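Let me begin by presenting the structure, written as structure tokens, before commenting on it.
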Number of protein chains: 2
Amino acid sequence: MSKKDDILKAAITLFADRGFQDASMTEVAKMSGVSGATVFYHFKSKEALFLIALETVKDGIIQEFDQYLSEHDFESGLELAEGIISFYLYLAGTMEEWFLLLHSHYPYKLALVNEECRSHLEKIYNSLVDIFERAVALGREDGSISAGDSRKTALVIFSMVDGVVRFKIYNLYDTGALFNELINSCRKILKYKM
Amino acid sequence: MSKKDDILKAAITLFADRGFQDASMTEVAKMSGVSGATVFYHFKSKEALFLIALETVKDGIIQEFDQYLSEHDFESGLELAEGIISFYLYLAGTMEEWFLLLHSHYPYKLALVNEECRSHLEKIYNSLVDIFERAVALGREDGSISAGDSRKTALVIFSMVDGVVRFKIYNLYDTGALFNELINSCRKILKYKM
DNA sequence: AAAAACTGACTGACCAATCAGTAGAGGTGG
DNA sequence: CCACCTCTACTGATTGGTCAGTCAGTTTTT
């Protein structure tokens, strides 16, 4: 692996662990075994490094979901939705860094003034909500789901799952203990009609 | 209002807006119209100021919910649950600062090494989940709710609502557009039995 | 030899925290 | 009434340290 990759990997870890402001470029350099100046040779500024870190996380998340969906078959839209939730929780466990970065405040503040940042965030959330929405739409066709508006239902389910992930990565509650309850709640939202 | 209160108020705004590390004591001083040294006269360190800001938010949230619950009557446990959700979203709109502070990474990192911080966070979340849990338990008694485990159901509902609040304060999606969907989803989770 | 990768030493800006000292309110003795 | 004292609130100036970013020059690769 090239030194540039080492730096990027260290940056993701540190930005996730400490947040943008509290992660110093000196630390990134130390963690990746290069001198401070080398970091600036490969990345023109701290903000630029953060944006590339965010882009890497974006690509990682999207690629992982693509792979998961291509490797599994689902009997119904409802089963697909449950699979996505399970995989989201699994990924948040194995790739905790990605979700810590995604739950930190900085990218959302930067997105207000930086179009590239906004674009990365939109891509991530749109991709994830799209996946849920496709499951809902599919389930409505095959009869396994009877919820109303696909997009809004997908958004609420996503915010529920992401809320549980947040509790997990901030050490508030254990996701494992809530997994069954989460899947059950999701089924109820999707199966029933008010 | 005393200068100490001015400082605390400015600190809450700045910590919420920029996070702990990016909010400087000089800025807090400037915003509250005192000299830099005065901030340290009233609060012994930046961390101590943050802890008091968090405590103030804790007291504010708990007091607001106490008042809301004492001023309203509810026909059933289900109606109470819906009222709590509505009020949570309302409060996140009017007191956005509180929820920004509560969604920032720093307090959860500090909680790992600082007991006082951990205690504040636990108090906030336990109070909120308790309120939901009481609604679920009440609804099971009066027949308006048929969900399983009260605590776990309360946790999932809370994480769903808090997830939507996060989308709102991070400018990802508009809470208003999701309100009806959220209430509907909550009803489904609470009313039906798998 | 030329280009790319890399580094040590440095700079200016900023920041948390300190400290010596000022201003004024309130109390006390003469 | 005043002279003196004390305590709280407050401040300007300073300090030691950290940080992002630069640059001139060295090493490695092609």
Side-chain angles (χ1 to χ4, degrees), chain A residues 1-56 100-101 104-114 116-117, chain B residues 1-56 101 104-107 109-114 116-117:
Chain A
M1 200 160 68
S2 72
K3 293 206 173 184
K4 188 173 177 179
D5 289 338
D6 289 338
I7 294 167
L8 183 55
K9 207 179 154 196
I12 291 173
T13 302
L14 281 166
F15 283 143
D17 201 52
R18 301 172 204 249
F20 179 79
Q21 192 65 225
D22 210 17
S24 83
M25 296 297 263
T26 313
E27 264 180 310
V28 171
K30 207 171 289 172
M31 186 181 260
S32 46
V34 299
S35 82
T38 304
V39 179
F40 286 95
Y41 171 74
H42 287 293
F43 304 93
K44 78 171 206 293
S45 69
K46 191 181 182 184
E47 187 177 301
L49 177 56
F50 182 85
L51 282 172
I52 291 169
L54 183 63
E55 191 179 13
T56 308
L100 273 169
L101 203 80
S104 71
H105 194 173
Y106 182 75
Y108 304 93
K109 243 195 91 181
L110 185 60
L112 297 174
V113 294
N114 182 303
E116 198 189 332
C117 186
Chain B
M1 202 161 65
S2 72
K3 293 207 173 181
K4 188 172 178 178
D5 289 338
D6 290 339
I7 294 167
L8 183 55
K9 207 180 156 195
I12 292 174
T13 302
L14 281 166
F15 284 142
D17 201 52
R18 299 171 205 250
F20 179 79
Q21 192 64 226
D22 210 18
S24 83
M25 295 297 262
T26 312
E27 264 180 309
V28 171
K30 207 172 289 173
M31 187 183 257
S32 46
V34 299
S35 84
T38 304
V39 179
F40 286 94
Y41 170 75
H42 287 292
F43 304 92
K44 80 173 205 291
S45 70
K46 192 182 182 184
E47 189 178 298
L49 177 56
F50 182 85
L51 283 172
I52 291 170
L54 183 62
E55 190 179 12
T56 307
L101 203 80
S104 71
H105 195 173
Y106 182 74
K109 245 194 88 181
L110 185 60
L112 297 174
V113 295
N114 182 302
E116 198 188 332
C117 186

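Letters A, B, ... mirror the listed sequences (proteins, then strands); counts begin at 1. Keep in mind that what you see is a predicted model, and the values were worked out from it rather than measured.
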Item to complete: Show your reasoning for whether side chain to side chain contact (heavy atoms under 4.5 Å, CB included) applies to A:R18 and B:K109.
Response: CA-CA 8 Å; A:R18 301 172 204 249; B:K109 245 194 88 181; 3.9 Å; yes

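The interatomic distance linking B:K30 (NZ) with D:dT11 (P) rounds to 14 Å, in whole Å. Between the C1' atom of C:dA16 and the CG atom of B:D22 lies a distance of 15 Å, rounded to the nearest Å. Rounded to whole angstrom, the span from the CZ atom of A:F43 across to the P atom of C:dC6 amounts to 11 Å. Here the P atom of nucleotide D:dA20 and the CZ atom of A:R18 are 12 Å apart, to the nearest Å. For the pair B:Q21 CD and C:dC14 P, the computed distance is 16 Å after rounding to whole Å. Straight-line distance from the CZ atom of B:F40 to the C1' atom of C:dG21: 19 Å, rounded to whole Å. B:K46 places its NZ atom 8 Å from the C1' atom of C:dC15, with the value rounded to the nearest Å. A straight line from NZ of B:K4 to P of D:dA9 spans 8 Å, rounded to a whole angstrom.
Summarising the geometry, atom OG1 belonging to A:T13 is positioned 11.5 Å from atom CD belonging to A:E27; distances are rounded to the nearest 0.5 Å.
Remark on DNA chain D: of its neighbouring residues B:S35 and A:S24, the 5'-side contact belongs to B:S35, judged by nearest-heavy-atom nucleotide.
Comparing atom distances between the A:V34 side chain and each of D:dT11, C:dA17, C:dT7 picks out C:dT7 as nearest. Taking every side-chain heavy atom of B:S45 into account, C:dA17 is the closest of D:dG21, C:dA17, D:dC23. Nearest nucleotide to the A:M25 side chain, out of D:dG12, D:dA20, C:dT7: D:dA20.
Put simply, the side chain of B:L54 reaches to within 4.5 Å of the side chain of B:C117, judged on heavy atoms.
Look at A:K3 and you won't find any side-chain N or O under 4.0 angstrom from OP1 or OP2 of D:dT29. Taking 4.0 angstrom as the limit, A:H42 places a side-chain polar atom (N or O) nearer than this to OP1 or OP2 of C:dC6. Regarding contacts with the backbone of D:dA9, a side-chain N or O of B:Y41 is found under 4.0 angstrom from either OP1 or OP2.
Remark: the backbone N or O of B:H42 is not paired with any side-chain donor or acceptor of B:K3 at under 3.5 angstrom.
Cation-pi geometry between A:K4 and A:F43 is met: under 6.0 angstrom from the ring centre, within 45 degrees of the axis.
Using a 4.0 Å heavy-atom cutoff across all strands shown, B:A23 reaches sugar-phosphate atoms only and no base atom.
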